[in-house]
Amino acid sequence: MTAAHEHLLIIDFGSQVTRLIARRLRELNVYCEIHPCQNVTDAFLAEFAPRAVIFSGGPDCVTREGAPRPPASVYDLGVPILGICYGQQVMMQDLGGRVEGGRISGGGMAEFGRAFVKPEGTLDLLKGWFRDGHEQVWMSHRDHVTALAPGFKVYGTSSNAPYAITADTTRHFYAVQFHPEVHHTPHGALLYRNFVNLAGFSGDWTMGAYRDRAIAAIRKQVGDARVICGLSGGIDSSVTALLLHAAIGDRLTCVFVDHGLLRQGEAEEVVTMFRETYSMPLVHADESALFLAALDGQSDPETKRKIIGKLFIDVFRKHAAEAGDAEFLAQGTLYPDVVESVSFSGGPSVTIKSHHNVGGLPEKMGLKLVEPLRGLFKDEVRVLGRKLGLPQGFIGRHPFPGPGLAIRCVGKITRPKLEILRTADAIYIDQIRRHGLYDEIWQAFAAILPVRAVGVMGDGRTYDYICTLRAVTSTDGMTADYYPFSHAFISETATRIINEVPGINRVTYDITSKPPGTIEYE
Ligand code: XMP
């Protein structure tokens with residue numbers, strides 16, 4: 001936390017969409033942090049000294065004994081507060097209004113989904129907001145306010161929510177029943193803009209400022225010590241390495257582990273750029289023989305992932321030890337990971353896939369962590385990467401999973417299959433680039449299915465692998481839709497792959513969304 005710039009506090013009551021509030025604010029160049037309600041104490045508020053506060057939504061009932069509530073001192077800070085959904089209810093209840101659950105006669109009722117709000121009077125928060133005399137909003141609540149706290153007035157209503165928008169304009173407390181941060185409140189960003197304007201934010205949160213502060217903070221944290229960084233060539237680890245390098249120069253050593261499961265030309269590209277363009281000390285650990293031997297004969301997805309995860313840690317430790325006595329490990333942890341790990345409701349979710357990353361390394365190696373991207377979202381990391389001079393080819397790259405081609409070579413992995421896969425994948429990506437589609441797609445790749453099919457090429461019979469192509473759109477990888485290529489594109493690409501890649505005689509295009517599929521095959 002730093003007081004060097006204006007910042008806003010989001011008190012999280014456990015809503016699924018709290019992170020979107022932070023997104024909307026970052027888009028307005030306002031620095032904000034999300035903190036779960038239970039961590040927000042009087043002392044915390046005094047130290048954080050926010051310029052404004054937002055209460056998120058949440059799944060609880062404010063009328064329930066023990067439901068989360070902010071400390072009373074938040075209302076005495078003298079700063080504007082915006083309460084959303086549960087945040088509205090908690091504010092009303094705390095300040096002397098009334099909240100009730102479910103359906104009640106003559107009042108309001110539970111409401112889920114699209115609703116339309118009409119204005120009542122004028123309010124600075126709503127400046128320019130109502131178009132056509134009403135505005136679409138997204139409601140998701142069972143409880144609702146049935147009596148306003150003293151000092152509050154109604155400024156907007158919907159058919160089921162007589163207190164859709166309320167405010168105490170003297171204290172600058174605003175409380176809305178709906179969720180302005182979600183996509184289904186199409187004009188919601190304007191409410192946040194109005195809110196930060198009336199709170200006096202100048203919008204000083206820029207990536208240039210972030211870079212300078214991050215570099216200063218790294219120098220302060222690390223002192224004269226050495227740092228190691230696992231470099232994968234992905235945007236997060238690349239930007240982390242560049243920041244560290246800018247801060248401490250040669251006291252940073254990057255370790256690039258080549259597990260033999262990378263895409264065509266990838267290892268050379270990453271190593272050349274970091275060594276030559278940035279003159280960064282970089283250990284290129286070619287451990288493909290080790291990984292491929294350990295994976296030999298393995299076909300179970302989880303077994304493959306576990307083998308790769310464990311070997312990665314062993315190899316990283318070995319090369320890091322050789323690189324000198326590092327005291328710190330640099331990691332490209334992003335803000336969503338941080339927020340998730342302090343998630344309000346907690347509770348481990350079902351393991352669909354064991355993701356491979358360097359988690360667990362610091363404890364095993366007795367290292368302290370440096371995480372300069374902890375405050376950023378993915379798209380902000382891209383902007384920062386540009387500021388640090390990372391070439392566009394790296395910045396716009398599709399995500400690539402830690403276990404690499406192992407989880408795209410479905411079933412048993414062999415060197416010949418990996419080679420076929422690399423060539424097919426390179427042609428597919430080349431096609432996508434030639435057609436100018438790369439940046440429209442979240443992730444695209446080829447995979448090889450563990451079956452062979454009969455075909456006829458020339459006058460002969462073939463018995464070769466089936467290549468499946470995947471391309472999805474997504475915003476965060478959590479859900480995804482298949483990309484609607486034209487038939488002409490698919491047919492041209494399939495023809496190229498079959499003609500140019502010996503070992504493949506069929507190409508399919510995967511039209512499964514996530515859910516029910518996942519993006520990768522294993
Ligand atoms: P799934 O297949 O779970 O993938 O729908 C969602 C996103 O995560 C990437 N992915 C991984 N990334 N280590 C990573 O660093 C992994 O083990 C891993 N598995 C999947 C995947 O490429 C997609 O972007």
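We count ligands from 1, going down the list as the structure has it; atoms in each ligand are counted the same way. By convention here, the first residue in the shown sequence is residue 1. The figures here come from the full heavy-atom set of this structure, side chains too, leaving out hydrogens, waters and symmetry mates.
- Salt bridge present: Arg434 and Asp430 bring a charged side-chain N and a carboxylate O closer than 4.0 Å.
- A donor and an acceptor atom, one from each side chain of Tyr509 and Thr493, are nowhere located under 3.5 Å apart.
- Residue contacts with ligand 1: Ile407 is placed with no nitrogen or oxygen under 3.5 Å of a nitrogen or oxygen of the ligand (distance criterion only).
- The shortest N or O to N or O distance between Ile519 and ligand 1 is below 3.5 Å.
- Side-chain contact of Asp481 with Thr473: a donor-acceptor pair under 3.5 Å is absent, judged by distance alone.
- Nearest approach of Gly332 to Leu373, heavy atoms of both residues: CA-CD1, 4.1 Å.
- Defined by atom type and a distance below 3.5 Å, a donor-acceptor pair is present between the side-chain atoms of His319 and Glu287.
- Between Arg408 and ligand 1, no N or O atom pair is found at a separation short of 3.5 Å.
- Of all atoms in ligand 1, numbered sequentially from 1 with element shown, those under 4.0 Å from a heavy atom of Gly477 are 6 (C).
- Atoms of ligand 1 found under 4.0 Å from any heavy atom of Lys514 (numbered from 1 in listed order, with element): 1 (P), 3 (O), 5 (O), 6 (C).
- For His259 (side chain) and Leu261 (main-chain N/O), a donor-acceptor pair under 3.5 Å exists by modelled atom type.
- The part of Pro399 lying near ligand 1 is the side chain, judged by heavy-atom distances below 4.0 Å.
- Which parts of ligand 1 touch Thr518 is read off a 4.0 Å heavy-atom cut-off, strictly below it: atoms 1 (P), 2 (O), 5 (O).
- At least one heavy atom of Arg305 sits less than 4.0 Å from an atom of ligand 1.
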What's the verdict on salt bridge (charged side-chain N to carboxylate O under 4.0 Å, His left out) for Asp379 and Arg26, showing C-alpha distance, side-chain angles and the deciding distance? CA-CA 11 Å; Asp379 51 339; Arg26 294 288 178 86; over 6 Å; no

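- Against a heavy-atom cut-off of under 4.0 Å, Pro403 is close to the following atoms of ligand 1: 13 (N), 16 (C), 17 (O).
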